[in-house]
There are 2 protein chains.
Amino acid sequence: MSSFLPTEQRLAVTRRRHPAFPRGPAVLVRLIKHLHKRIHDDANTALKAFGLNHPQYNLLMMLYGTADHALHPSQLAEAAGEKAANITRLTDELCEKGLIERAASADDRRKLVLTLTPAGLDLIEQLLPSICDLLEEQTQGMSAREQAELERLLKKFLDGFDRRG
Amino acid sequence: MSSFLPTEQRLAVTRRRHPAFPRGPAVLVRLIKHLHKRIHDDANTALKAFGLNHPQYNLLMMLYGTADHALHPSQLAEAAGEKAANITRLTDELCEKGLIERAASADDRRKLVLTLTPAGLDLIEQLLPSICDLLEEQTQGMSAREQAELERLLKKFLDGFDRRG
DNA sequence: GGGTTTTACTTCATAAATGTAATATAGCTG
DNA sequence: CAGCTATATTACATTTATGAAGTAAAACCC
């Protein structure tokens with residue numbers, strides 16, 4: 001409540017001046033913004049010890065979460081919500097560190113296959129305990145039931161965007 | 001559900017490989033990330049017609065939501081979640097456009113006072129209808145009751161970060 | 001099968017956004 | 001007054017986004 005109170009006060013003033021301003025949706029949007037910032041900052045701090053930034057970590061986790069630890073760059077872009085040009089740059093960096101490998105695809109030679117190397121797998125296993133702790137800490141204020149309900153509602157929120165296109 | 005399904009599948013694989021990985025919290029974090037991206041992109045698209053980007057709009061709305069349409073740069077930084085250096089640059093841009101004004105503070109000569117100009121106020125009144133529509137559209141999939149519950153849970157989520165410091 | 005169109009990825013150039021560190025000035029404290 | 005803190009700016013470095021153009025392979029189509 002504390003860090004968000006000023007935001008609510010400003011929204012109240014805004015509504016007084018422009019009554020059509022929808023308070024509820026605006027609060028939701030600003031809460032998402034605040035949460036995103038905090039999550040992002042925390043993650044970057046935790047990852048610094050492992051020589052990674054948040055986007056790089058995300059890419060590694062997308063590969064880790066795939067059946068054979070392998071994805072095409074375009075799939076990875078879709079999975080991580082990054083543009084194709086960014087994927088090239090980010091995967092370049094991960095290749096230089098020896099965490100992933102690029103190889104030509106067997107079935108379609110336009111494509112590449114990005115795969116976690118043993119070193120990449122090692123690094124993930126090393127950093128996962130820290131990340132697990134962080135995630136637990138960040139959510140420890142909520143009961144399991146509340147987390148489940150929050151998940152349900154956030155998905156519904158996101159659905160609205162999918163429908164809009 | 002649709003755009004988020006692959007993410008859930010990847011989390012399932014991740015959990016199989018690292019059972020300690022907390023699924024619930026991880027889903028929440030990724031949902032926040034997806035939502036933030038969609039919100040940010042939508043807002044930027046809507047604001048382009050008014051010659052503003054999302055950060056600039058945010059600053060204007062922080063001033064609009066303040067009793068006398070005036071804030072010190074440090075207050076604005078806190079309100080908008082931006083670094084001080086960013087505020088200088090962003091307010092430079094807004095000054096050049098004639099939307100806000102800088103003036104020396106009477107009580108503390110280290111400080112400046114940033115104030116909405118009549119032109120800034122006009123622009124806000126012009127763009128608010130579009131923004132209101134956007135906010136309504138983005139949340140129309142949820143009932144008022146669900147929005148209220150989502151707001152409550154997001155605040156609780158954010159509280160966890162405030163406690164961590 | 002030869003020509004065209006799509007698709008996948010990279011490259012490059014450029015711009016926009018953001019972060020970091022040092023600086024100048026003003027206020028505060030003992 | 002001396003030393004410390006707070007405010008805002010500046011210059012610099014880094015990161016990220018955007019878009020155009022290039023390369024190569026696959027798919028399509030008559």
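Within every chain, numbering begins at 1; the chains are lettered A, B, ... in the order of the sequence lines, protein sequences first and strands thereafter. This is a predicted model, so every value here is computed, not measured.
Listed for the A:Asn44 side chain is a donor-acceptor partner under 3.5 Å among the backbone atoms of A:His54. Side chain of B:Arg15 to main chain of B:Phe21: a donor-acceptor pair is present (N/O by atom type, distance under 3.5 Å, no hydrogens or angles). Panel note: side chain A:Arg17, backbone B:Tyr64; a donor-acceptor pair is recorded below 3.5 Å. Not a single donor-acceptor pair under 3.5 Å links the side chain of A:Lys111 to the backbone N or O of A:Ser74.
The distance from atom CD of A:Glu82 to atom P of D:dT18 is 11 Å, rounded to the nearest whole Å. One can place NE2 of A:His72 at 14 Å from C1' of D:dA26, the figure rounded to the nearest angstrom. Whole-Å rounding puts the B:Leu112 CG to D:dT9 C1' distance at 9 Å. The CG atom of A:Asn86 sits 18 Å away from the P atom of D:dT14 (whole-angstrom rounding). The interatomic distance linking B:Lys83 (NZ) with D:dT14 (P) rounds to 16 Å, in whole Å. In this entry the distance linking CD of A:Glu78 with P of C:dA8 reads 12 Å, nearest Å. Between A:Arg89 atom CZ and D:dT14 atom P the separation is 14 Å, expressed in whole Å. Distance CG (A:Asn44) to P (C:dT18): 14 Å, rounded to an integer number of Å.
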Give each protein N/O atom lying under 3.5 Å from an N/O atom of nucleotides 27-30 of chain C, with the pair distance.
unit_1, atom_1, unit_2, atom_2, d
C:dG27, OP1, B:Arg109, N, 3.0

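A:Leu99 and A:Leu90 fall within a single hydrophobic cluster, where Ile, Leu, Val, Met, Phe, Trp and Tyr side chains are chained together by heavy-atom contacts under 4.5 Å.
There is no side-chain donor-acceptor pair under 3.5 Å between A:His72 and A:Arg110.
Residues A:Glu93 and B:Pro73 each lie close to DNA chain D; by heavy-atom proximity, the contact nearer the 5' end of the strand is made by B:Pro73. Mapping A:His40 and A:Ala106 onto DNA chain D by nearest heavy atom places A:His40 closer to the 5' end of the strand.
In this structure, B:Gln75 reaches neither bases nor backbone, as no heavy-atom distance under 4.0 Å exists between it and the strands shown. Counting non-hydrogen atoms under 4.0 angstrom, B:Thr88 reaches a base of the nucleic acid. If you check every strand for non-hydrogen atoms under 4.0 Å, B:Ile87 touches nothing.
Summarising the geometry of A:Thr91 relative to A:Thr88, their closest heavy-atom pair is OG1-O, 3.1 Å, with the distance given to 0.1 Å.
Taking side-chain N and O atoms only, B:Arg102 has no distance below 4.0 Å to OP1 or OP2 of D:dA8.
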